[in-house]
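Letters A, B, ... are given to chains in the order of the sequence lines, protein chains preceding strands, and every chain is numbered from 1.
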Amino acid sequence: MSMSTAATATLAVTKVDAPTIEYGKLSPILIIAGVAVVGVLIEAFLPRPARYRAQLTVALVGMIAAFGAVVWLARDLPDDHRGSVTAMGAVAVDGPSLFLQGTLLLIGIASVLLIGERRLEPAGGDAFAPQAAAAPGSQQEKDAAAAGWTQTEVYPLTMFSLVGMLLFPAANDLLMMFVALEILSLPLYLLCGLARRHRLLSQEAALKYFLLGAFSSAFFLFGVAMLYGYSGSVSLDKIGVASAGAMDNDALLLIGLAMVAVGLLFKVGAVPFHSWTPDVYQGAPTPITGFMAAATKVAAFGAMMRFFYVALPGMRWDWRPVMIGVAIVTMVAGAIIAITQTDVKRLLAYSSIAHAGFILTGMIAMSDAGVSSTMFYLVAYGFVTLGAFAVVTLVRDARGEATHLSHWAGLGRRSPLVAGVFALFLLAFAGIPLTSGFSGKFAVFQAAARGGAGSLVVVGVLCSAVAAFFYVRVIVLMFFSEPKVDGPTVVVPSVMTTAAIALGVAVTVVLGILPQPVLDLADKAALFVH
Amino acid sequence: MIETSSLASGVVLANEGGGGLHSVAASGAYSALWLVVGLPLLGALLLLVGGKRTNAFGHILGTAMALGSFAVGVLMFVTMLGKDDADRSVDQHLWTWAPVNEFQADIGLHLDQLSVVFVLLITGVGSLIHIYSIGYMAHDENRRRFFGYLNLFVAAMLLLVLANNYLLLYAGWEGVGLASYLLIGFWQHKPSAATAAKKAFIMNRVGDFGLAVAVFLMFTTFGSFDFADVLGGSASASDGTMTAIGLMLLLAACGKSAQFPLQAWLGDAMEGPTPVSALIHAATMVTAGVYLITRSAEIFNASPDAQLAVTVVGAITVLFGAIVGCAKDDIKKALAASTMSQIGYMILAAGLGPIGYVFAIMHLVTHGFFKAGLFLGAGSVMHGMNDEVDMRRYGGLRKYMPITFVTFGLGYLSIIGFPLLSGFFSKDKIIEAAFAKGGTSGWILGAVTLLAAGLTAFYMTRVMLMTFFGKERWKEAPAGAPADWHEPHPHESPTSMTGPMILLAFGSVFAGGLFVLNESFVKWLTPVTGFSHGDLPMSEWAVTGMALSMVALGSAVAYVQYARRDVPAVAPAASLVTVAARRDLYQDAVNEGLVMRPGQYLTRLLVWFDNRGVDGFVGGLAAFIGGTSARVRKVQTGFVRSYALSMFGGTLLVVACTLMARMA
């Protein structure tokens with residue numbers, strides 16, 4: 001009795017303010033969250049045959065609306081483009097947030113178009129298991145396939161993941177960042193295990209991704225605790241203030257920043273936290289691989305930049321050497337291991353590791369140019385990756401996608417258009433001029449060189465040369481080898497995949513020939529709010 | 001004294017007006033300038049990317065794009081007519097490709113009195129040749145691709161003449177080279193066409209190398225690619241640099257314009273379809289070298305040595321082409337040799353400096369008309385003669401192809417310089433300018449141009465007589481004819497082919513007269529290129545009289561040899577000179593002996609070195625990286641426990657290094 005009285009008294013004394021939240025500024029995130037919830041309701045209440053169309057429509061319309069909201073918010077940014085924080089300082093609405101959110105939404109639109117593709121499987125259906133809960137190879141699975149079921153839950157799952165991604169680069173305190181990390185990761189773990197073909201491989205990939213993801217989340221959280229212990233806050237701004245004057249007794253701070261960095265480096269697939277990448281990229285349904293490879297990188301690099309630029313600008317002399325080391329190892333390992341790959345999805349996975357190293361190069365520059373070049377690279381890289389995986393979905397034989405490289409021999413003779421498009425993407429990966437890859441690489445290397453990381457640029461250029469070898473090798477294979485007699489065929493997709501690939505091609509070519517408008521936009525959006 | 005002052009004033013004029021120093025930003029009607037390049041580029045994209053889907057209407061689309069470009073070009077010209085000299089030069093900045101500190105790679109266009117002349121020539125003649133090709137290529141299954149390439153060529157050529165900086169000009173330069181390669185080798189199933197395409201491409205590489213070095217030199221000297229900066233700053237650079245840039249530009253011009261010593265590809269390029277020969281290898285692309293030199297007037301004005309080299313190259317080529325033209329029996333090769341010789345005239349004129357720039361361009365335009373007309377006429381003859389090109393198998397065709405005969409005949413009269421036709425005015429002015437250079441070199445150059453005028457009259461009269469007059473030699477089967485040989489049935493070509501020929505004939509007749517009326521062409525170009533009268537050592541009438549006598553003499557000799565006597569159906573044995581001329585003055589043998597054989601030996605040496613030295617290193621490095629890759633790859637075991645372990649190890653490492661970074 002007396003206990004409860006005391007508690008009441010305490011409550012009466014410390015008046016708790018209700019948090020103020022400016023919903024308008026969060027509208028892009030809220031719209032996608034709403035779309036995800038509506039998607040769940042559709043699954044619950046709509047009859048099975050109507051769900052596909054409803055899900056697809058709701059997701060696409062929602063993402064376009066959210067993109068509109070991003071544009072609207074960007075127009076409202078003050079002249080210095082610094083933006084503001086909202087939701088009690090937990091979310092930042094500034095240039096980098098909005099730029100990356102816009103990029104994520106465009107990638108999301110293209111990804112949903114790929115996910116919604118239903119023309120490729122000869123027996124009908126999409127890239128996902130007819131009934132995910134059925135054991136692989138079981139009678140139940142066969143029945144589900146025969147009945148033409150599909151798991152339209154993939155749309156709300158994708159949307160939930162996108163919510164986390166939109167929040168991740170905007171999160172202005174470490175708890176919010178952690179929540180966003182989990183929101184984006186959990187649906188992805190599930191989605192990875194849903195492939196229609198090679199289901200065991202897919203489930204193995206999902207399990208690996210989940211276990212290692214949980215492991216890295218633990219590091220992240222541990223790091224957050226350390227930083228809280230040092231600064232007494234989880235807010236990036238306050239950590240920034242506290243760390244600015246750090247001198248001696250700061251093991252907590254250093255360990256904390258290293259641990260949080262590990263959590264983030266895991267998400268972008270940097271060496272030595274990359275080992276999940278090839279297995280998961282190979283096992284996951286290819287549209288999901290494309291989505292994951294493109295969007296996760298954008299979101300995670302956004303969060304990483306905010307973490308280092310807002311919370312630890314004063315600590316740059318401590319974290320830069322380590323990050324330079326990580327970037328070098330990442331570029332070298334990615335490029336070298338890719339050389340001996342024989343599976344096109346694994347090849348692209350290692351290529352994405354090498355690219356994570358290139359992007360780190362821009363981040364390490366620790367300048368506005370570093371931010372803008374990194375963001376530009378993310379746009380360029382995101383669309384090339386998505387386009388490349390989209391092409392992978394088209395090259396098929398009786399066992400599904402023909403991902404072994406030997407099957408791609410002579411593809412250019414049989415399907416010059418598809419092989420030509422893939423060659424364009426490979427050239428962009430390699431960073432050949434007049435493609436977006438060149439503009440992006442040029443921008444990050446330039447920023448890094450100006451930022452005093454010349455050694456990094458030298459390694460980057462050398463690794464680009466090594467990487468060019470395996471990209472061009474695929475082109476040679478496609479155009480200068482005799483086609484196999486029983487080689488794969490290129491399936492003609494519906495307008496959705498075509499649109500996604502066309503978007504990839506358009507961005508790749510336009511950013512190669514006419515990069516300036518997007519570079520300017522990235523320059524304007526390069527300031528983090530403090 | 002008068003001479004020097006007028007020369008000086010010419011140079012001053014050139015500096016004032018040249019290189020778009022005073023150009024203003026494009027606005028009003030000028031803002032459509034980019035469409036001139038954009039339309040044919042769009043056409044090329046649609047036709048080449050669209051593939052089979054555009055087969056049905058590809059030729060219409062391609063022609064429409066060329067005509068559209070011509071319409072915009074005319075709009076530009078009319079707009080320019082309405083302005084004062086000072087406001088006629090405009091710049092349109094489209095976008096900056098890659099700004100890096102001082103390195104500004106701009107995509108921008110520059111329109112002035114000089115480039116508008118080229119725009120009208122390229123789009124005008126280009127459109128006519130598109131129309132002609134509809135008929136000429138009607139039965140070719142790859143007609144759509146042909147039009148795609150033609151559009152690509154027109155776009156690249158327009159980019160070349162409209163670029164406002166040397167880097168973009170280089171892009172256009174390479175673009176026309178590519179289009180030329182694709183079109184010469186258009187019938188790639190014929191080994192001769194494929195070889196000719198390669199030959200043209202490789203010889204052009206030598207010239208392109210010159211242009212590349214010139215652009216490098218400009219950037220290191222002036223820190224910019226812009227015409228305004230490079231040409232405006234030419235006074236401040238050292239003489240040696242300017243001579244080097246000038247010689248490199250000359251090398252570029254030699255490659256593209258088939259000038260000595262890079263002339264050997266042009267004759268073989270006749271393997272391409274005849275409309276291609278007319279457009280690319282007569283009227284436009286091969287004149288790019290003349291444009292380059294005229295556009296870079298300030299550079300050459302600053303370097304008398306480079307100018308001298310230009311005139312020497314021009315003089316040699318004028319005679320070289322004319323001599324070769326006298327002995328060729330293949331109608332297209334005879335015309336190709338003539339093209340080489342006529343461009344020699346232009347290069348020679350351009351080398352004279354402000355005395356000659358205007359006349360180089362004037363001859364370029366009139367030549368564009370009459371030579372394109374002659375080639376289209378040759379195509380029309382071939383069209384009616386089962387694609388026969390040997391003039392010894394022609395004869396008496398005037399009765400069968402009256403329109404072709406008349407239009408070809410007008411082109412013929414124009415090129416030999418028949419009084420009051422276009423070629424008469426433009427060539428006469430060049431001969432005058434050569435004499436007006438003054439000094440011994442002026443006399444030599446003047447004599448060369450006069451001699452070449454006589455040779456031109458000879459070989460063109462020969463072509464005319466062998467083709468349209470004399471016995472109908474095509475009625476008899478040639479020696480060693482295949483069993484299924486049948487007599488050709490010469491006939492006039494369809495309207496889509498004769499129409500362009502008639503229009504070009506008008507140009508061949510009247511253009512020159514219009515240009516010299518009130519000196520309108522000189523006045524038009526002077527603000528860009530500068531102009532000076534020079535010092536003619538005799539009266540203009542004397543020069544004209546000498547030129548006309550040479551023409552009469554040349555024609556008379558040809559008449560005696562080819563009209564009074566029968567033309568043998570097989571080339572007869574002849575003097576050493578004739579044999580040499582038939583074999584292009586042994587140009588291929590010289591190239592093989594001087595360049596190809598030593599090149600092959602050098603290549604073998606390099607291959608040997610490459611195999612032993614370089615490959616050992618490179619191969620070793622590649623094997624090392626590949627081996628590393630194979631070894632490191634094994635780390636990827638597939639076991640999640642080892643992945644987790646590597647992550648844990650990595651984390652320890654990152655934490656340890658972060659802590660250590662503080663200590664260090």
Side-chain angles (χ1 to χ4, degrees), chain A residues 204 207-209 211-212 215-216 219 246 248 250-251 254-255 257-259 261-262 265-266 270-276 278-279 315 317-323 325-326 329 332-333 335-341 346 350 416-417 433-434 438-439 442 446 466 469-470 513-517 519, chain B residues 41 45 48-53 93-101 103-107 167-168 171 618 621-664:
Chain A
E204 183 189 329
L207 188 65
K208 278 180 185 167
Y209 193 18
L211 287 174
L212 295 174
F215 194 43
S216 81
F219 284 123
D248 296 326
D250 49 9
L254 291 174
I255 297 175
L257 92 83
M259 293 269 185
V262 166
L265 288 172
F266 173 84
V271 178
F273 315 103
H274 68 288
S275 34
W276 59 277
D279 295 11
M315 299 287 291
W317 305 116
D318 294 293
W319 60 260
R320 260 182 70 152
V322 182
M323 294 303 281
V326 170
V329 177
V332 171
I336 287 190
I337 305 181
I339 289 177
T340 42
Q341 296 305 312
R346 287 184 84 84
Y350 280 105
L417 185 63
L434 298 185
F438 173 75
S439 316
F442 193 92
Q446 188 188 22
V466 174
F469 167 77
F470 58 80
I513 297 173
L514 198 72
Q516 208 53 44
L519 279 173
Chain B
L41 190 65
L45 268 181
L48 296 177
V49 175
K52 279 176 283 193
R53 265 157 276 176
H93 178 82
L94 295 176
W95 74 84
T96 303
W97 180 55
V100 187
N101 298 351
F103 180 94
Q104 285 283 337
D106 281 345
I107 310 288
L167 195 65
L168 195 61
V618 173
L621 187 68
F624 169 72
I625 294 179
T628 314
S629 175
R631 250 168 275 133
V632 179
R633 204 183 151 189
K634 298 210 176 97
V635 176
Q636 195 77 11
T637 52
F639 292 119
V640 76
R641 55 174 188 260
S642 58
Y643 294 177
L645 187 65
S646 73
M647 278 175 59
F648 186 70
T651 310
L652 283 184
L653 207 63
V654 167
V655 171
C657 290
T658 314
L659 288 171
M660 263 158 38
R662 170 55 62 93
M663 315 266 196

Grab the two heavy atoms, one from Pro278(A) and one from Gln636(B), that are nearest each other, plus how far apart they are.
CG-NE2, 3.5 Å
Are Met647(B) and Val262(A) side-chain neighbours, meaning at least one heavy-atom pair lies under 4.5 Å?
no
Non-hydrogen atoms of chain B under 4.5 Å away: do they reach the side chain of Phe266(A), the backbone, both or neither?
side chain
Nearest non-hydrogen partners of Thr658(B) and Asp318(A), listed with the distance:
CG2-O, 4.3 Å
Looking at Ile339(A), Ile255(A), Ile336(A), which one has more heavy-atom pairs under 4.5 Å with chain B than the rest?
Ile336(A)
Using a 4.5 angstrom heavy-atom cutoff, name the option from Val655(B), Val654(B), Val49(B) with the most pairs to chain A.
Val654(B)
With a 4.5 angstrom heavy-atom cut-off, could you sort out which part of Ser216(A) is near chain B: side chain, backbone, both or neither?
both
Ile513(A) versus chain B, heavy atoms under 4.5 Å apart: side chain, backbone, both or neither?
both
Would you say the side chain of Thr651(B) lies within less than 4.5 Å of the side chain of Phe215(A), judging by non-hydrogen atoms?
no
So for Val329(A), is it side chain, backbone, both, or neither that comes closer than 4.5 Å to the heavy atoms of chain B?
neither
Any side-chain heavy-atom pair from Leu211(A) and Tyr643(B) closer than 4.5 angstrom?
no
In terms of heavy-atom proximity below 4.5 Å to chain B, should Phe219(A) be classed as side chain, backbone, both, or neither?
side chain
Could you check whether any side-chain heavy atom of Val640(B) comes within less than 4.5 Å of a side-chain heavy atom of Leu207(A), counting everything from C-beta outward?
no
Greatest number of heavy atom pairs closer than 4.5 Å to chain A - which of Ser646(B), Gly649(B), Ala644(B), Cys657(B)
Ala644(B)
